[in-house]
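Written below as structure tokens is the structure these notes are about.
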Amino acid sequence: MSYVLAKSKNPDIQEAGECGGAVTSIFKYLLDENIVDGVLALSPGDDIYDGVPTFITDSEDLIKTAGSYHCAPTMFGDIIQKYLSDKKVAVSVKPCDIRSIDELIKRHKINPDNIFTVGLNCGGTVSPVTGRKMIELFYDINPDDVVSEEIDKGQFIVELADGTEKGVKIHELEHEGYGRRLNCQRCDVKIPRKANIACGNWGASDGWTFIEINDEKGEELIKGAQKAGILETKSPSQDAIDARLKVEGIMIKMAKKNQDVNYEKVSGIKEWDRCIRCCACRDVCPICWCYENCELNKSYFNASDVPPSPIAFQGIRLSHMSFSCCDCGQCDDVCPMDIPVSLIFDKLQKKYQDRTGYVAGVSDDVKPPLYSPAKEEL
Amino acid sequence: MLEIKHTLCPSCSVGCGINVVSHEGDVVGTYPYKRHPVNEGKNCLNGRNSIEAYKNKLESAIVSNSDVDIDKAIDEICSNLKSKDSDKITVFCSGNNSVEDIEAIKSFAEANNYNIASYADNIVDIDGEVASYDDVEKASKLIVIGDVLYTNPLIGRRIIHAKDNGADVYSFTPEGSVTANVSNEICDSIDDVLNNFGDNLDESSVILFNTVNSSEDLDKIKEIADKANSKILPVFSKCNSKGACEIIKAQSKEEFVELLNDTDLLLVFNDDLIPEIDFDFGSISTIVSFVPCENSTSNASQIVVPVKSWLENDGSFVNAMGETQTFSAVIESDALGVDEVIEKIQNKL
Ligand SMILES: Cc1cc2nc3c(=O)[nH]c(=O)nc-3n(C[C@H](O)[C@H](O)[C@H](O)COP(=O)(O)OP(=O)(O)OC[C@H]3O[C@@H](n4cnc5c(N)ncnc54)[C@H](O)[C@@H]3O)c2cc1C
Ligand code: SF4
Ligand code: SF4
Ligand code: SF4
Ligand code: SF4
């Protein structure tokens, strides 16, 4: 493992990038040298709160993907698995993205030789509609006037076109039911070390991206981009390295606290009685890949049984994949009935973790377990 | 090339946003559109399945069960139209069509003195202000008619929010249904729920319904809402029923059946009447369907003309709360739009 500070040598990318534009520059290098067929990243749809997954094949188009979308709780694992498995792809990954990709690699659903994973450290994402409401309510700002948003030093900060900034403490927002998604508040993997590199602002000086190089492929990415003349690097100071690790530790501690408070609520979840059995939670889950062959589609399950018994209905998925749940929160996001689905899956994975040491999408060289002792306790 | 594009769900009148995934010129899936203010990325199964209409697209026009090219089908339609008295010709459209298409259909019917009909879940005369989804969330009391959580989940979700905000929910919905499970009280009939709980309503209450049996039901709902100064929110099964009603007055089931009894030639735009209307459609001498993919009505039609599916179309819908929402095609298409088909017919009449 080694660390480097990096920034783009392309002024437009440096300007558009969140930190030093290193991620976009690495993508440009990979496309220009024909090392990948395309880059999977986000570009703005309706506005800055709307990050739309975009597959870029011409490096000229990369500029629109630069920057961090904190209000875009997207998931890339299933997109690659479903639609891009035959392509060489570079992809920007938050910890939950790379964790799902790692689980899909373990299931032979993604070929690791076909992908370059550029990690982004992640303090959490805010749902776009919540984000806009929150800006109206707590910042007294029209969300349409915001040109960019960031999460820094425990605050969610918005910037206006004239350069003025306003920040509100995240824990204040979350106390009032706004702020990061509930699963993000519990998420304790903040640096995507399974990606080839992990990029972030923690430990970075202004205008630079702090990069942790995680493996040989990551090393090649940095060297290649340098050699192509698009990336400039320097070594971070030991203080910067220490500061970054310290913030990571604090974030993990906060997440664990949120886990303790929230896992207790699982047995009290009453919301199952409004489940409409729409299977959106299953269909969006990056770990579930059986599709038509899913047990839940089998005829012995009475599909007209609405609401379904949670033990039978969610129980199937819990026993099939909860040990691999990466707490990405996609199931919560898409549930039309606002059922906190991820809480129970995440809790079970943590229980499994406590017993076996297996951290979903993080633990090395371990096949995803097919038998979970934790599931017996459901 | 993989592309993810925004559009609107066509499967009910809530007006949810949905992202459609296309890959190498084909529609391959959906993806949550979390920025959409109506549904924040949440879609029910019907909504997510709505892309099937594109996958099962009709490839060719059909005349008397044989594939023909479009112009042949148009000629056939025109000779049928010319051979019948205009008062025996009925043009039908519904909330499955966009505002722009309905306007084109209406002008076509009016220009040629054909009867024009529109039908919206037996709900007639619903112009005027209705409750917004925010009104539902903030309501102090809700009367809910129909299993709205199950049938229109993304309005159902607003009922849940209202409940979380302390609202009382009184419903006419089957016991054990998801709507019953979030209700304070459930009743056995529309009359019961209105009679028993109508007096509890106030100006921040809403009567929300996705079904009525008769125009008397509707009158009663309106009367009770008026008395308490509450709002109403009819939720339709088709995405643009509200928009359609604003252009063409919706008929009751009885009125519509009466008109069908007097029809020799029926032109159906983008709808499937047979499962919805209890009528002997075999008694109509010619039925023409303009549809993106086959359905029971097109199977019973003598002439079928393929038109653009919603995924290939641009236009606007008016959602249940009366908000106009625009949408754009997510995939290129060589199918004709309803307006183009109408133009072709009109030019040959
Ligand atoms: C939601 C979020 C939270 C973050 N939180 C932290 C943090 O707490 N600490 C920290 O050190 N760093 C954090 N980062 C990383 C940091 O903001 C920068 O993305 C990183 O330093 C790279 O900067 P850059 O200028 O090199 O990237 P750029 O050149 O600007 O490229 C960024 C790339 O990431 C893609 N991207 C943007 N948003 C997302 C998203 N939501 N999901 C997937 N891909 C996306 C873009 O499309 C682009 O390709 C966060 C990033 C995100 C997206
Ligand atoms: S689950 Fe974790 S990695 Fe994913 S968006 Fe939330 S905080 Fe970031
Ligand atoms: S169960 Fe939910 S939180 Fe866990 S991986 Fe699947 S979608 Fe993500
Ligand atoms: S998404 Fe929600 S309502 Fe749909 S099946 Fe899952 S838990 Fe039930
Ligand atoms: S509630 Fe209606 S508009 Fe929303 S996804 Fe379901 S069918 Fe579509």
Side-chain angles (χ1 to χ4, degrees), chain A residues 37-38 40 42-58 71-75 78-80 82-84 87 89 125-133 181 270-281 283-284 303 305-307 330 332-339, chain B residues 1-7 9 14 16-24 26-49 134 147-161 163-164 169 174 176-183:
Chain A
D37 299 317
L40 184 59
L42 297 183
S43 61
D46 297 338
D47 52 32
I48 58 157
Y49 308 93
D50 185 27
V52 182
T54 308
F55 192 59
I56 304 278
T57 51
D58 179 346
C71 295
T74 47
M75 167 49 65
D78 55 338
I79 295 186
I80 297 179
K82 281 185 192 153
Y83 311 119
L84 299 170
K87 297 242 168 14
V89 174
T125 45
V126 177
S127 295
V129 174
T130 308
R132 288 177 58 93
K133 268 192 211 148
R181 299 180 304 148
K270 298 222 171 17
E271 290 89 336
W272 299 117
D273 72 354
R274 60 189 195 220
C275 170
I276 53 170
R277 192 191 252 279
C278 67
C279 290
C281 50
D283 293 349
V284 83
D305 192 9
V306 175
Q330 296 300 320
D332 298 354
D333 288 355
V334 300
C335 176
M337 295 291 112
D338 286 355
I339 300 170
Chain B
M1 195 66 158
L2 182 78
E3 279 190 291
I4 294 182
K5 287 191 180 161
H6 296 334
T7 185
C9 173
V14 179
C16 297
I18 190 164
N19 280 329
V20 173
V21 189
S22 62
H23 190 30
E24 277 145 20
D26 201 8
V27 170
V28 290
T30 61
Y31 193 82
Y33 181 179
K34 296 184 184 178
R35 167 68 183 87
H36 201 276
V38 168
N39 61 314
E40 302 178 42
K42 299 161 188 281
N43 295 100
C44 67
L45 187 60
N46 275 343
R48 299 188 330 272
N49 280 348
D134 273 354
D147 191 359
V148 175
L149 260 72
Y150 184 69
T151 318
N152 314 95
L154 275 306
I155 283 191
R157 178 171 175 249
R158 307 295 178 129
I159 300 175
I160 295 171
H161 292 176
K163 190 84 200 292
D164 289 346
V169 182
S177 66
V178 275
T179 303
N181 289 350
V182 301
S183 301

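In what follows, every chain begins at residue 1, and chains take the letters A, B, ... in the order their sequences are listed.
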Non-hydrogen atoms of P53(A) and I4(B) that approach each other most closely
CB-CD1, 3.7 Å
Looking at A72(A), C279(A), C278(A), which has the largest count of heavy-atom pairs under 4.5 Å with chain B?
C278(A)
Ignoring hydrogens and geometry, is there a side-chain-to-backbone donor-acceptor pair from H6(B) to G45(A) under 3.5 Å?
no
Between T57(A), D78(A), I79(A), T54(A), which residue shows the highest count of heavy-atom pairs closer than 4.5 Å to chain B?
I79(A)
I'd like to verify something: which residue of T74(A), V52(A), D47(A) has the highest number of heavy-atom pairs under 4.5 Å with chain B?
D47(A)
Heavy atoms only: give me the nearest P153(B)-P336(A) pair and the separation to one decimal.
CB-CB, 4.0 Å
Using non-hydrogen atoms and a 4.5 Å limit, figure out which bit of L2(B) sits close to chain A: side chain, backbone, both or neither.
both
Candidate list T30(B), V27(B), D26(B), V28(B), test side chain to side chain contact (heavy atoms under 4.5 Å, CB included), partner V21(B), passing option:
V28(B)
Go through the atoms of N43(B) and report whether side chain, backbone, both or neither lie under 4.5 Å from a heavy atom of chain A.
backbone
Point-to-point distance, once rounded to the nearest 0.5 Å, from SG of C16(B) to CD1 of I155(B)
8.5 Å
Smallest heavy-atom separation, M1(B) atom then F55(A) atom, equals CE-O, 3.4 Å
Verify, without hydrogens or angle tests, whether K5(B) (side chain) and V20(B) (backbone) share a donor-acceptor contact under 3.5 angstrom.
no
Is it the backbone or the side chain of C71(A) that comes under 4.5 Å from a heavy atom of chain B, or both, or neither?
neither
So if I take each residue of residues 32-41 of chain B and look for any heavy atom under 4.5 Å from a heavy atom in chain A, which residues do I end up with?
P32(B), Y33(B), K34(B), R35(B), H36(B), P37(B), E40(B), G41(B)
Any salt bridge between D338(A) and R274(A), counting N to O under 4.0 Å?
no
I need the residue from P73(A), S127(A), G51(A) with the largest number of non-hydrogen atom pairs under 4.5 Å to chain B.
P73(A)
Nearest heavy atoms of C281(A) and V284(A), plus distance in Å:
O-CG1, 3.6 Å
With the threshold set at 4.0 Å, does a side-chain nitrogen-carboxylate oxygen contact exist between R181(A) and D332(A)?
no
Below 4.5 Å from any heavy atom of chain A, which atoms of R157(B) appear? Answer side chain, backbone, both or neither.
both
What part of D37(A) lies closer than 4.5 angstrom to a heavy atom of chain B: side chain, backbone, both or neither?
neither
Heavy atoms of W272(A) and P307(A) approach each other most closely as O-CB, 3.8 Å
Tell me, side chain or backbone of I160(B) under 4.5 Å from chain A's heavy atoms, or both, or neither?
side chain
The interface call for K82(A) against chain B, heavy-atom contacts under 4.5 Å, is neither
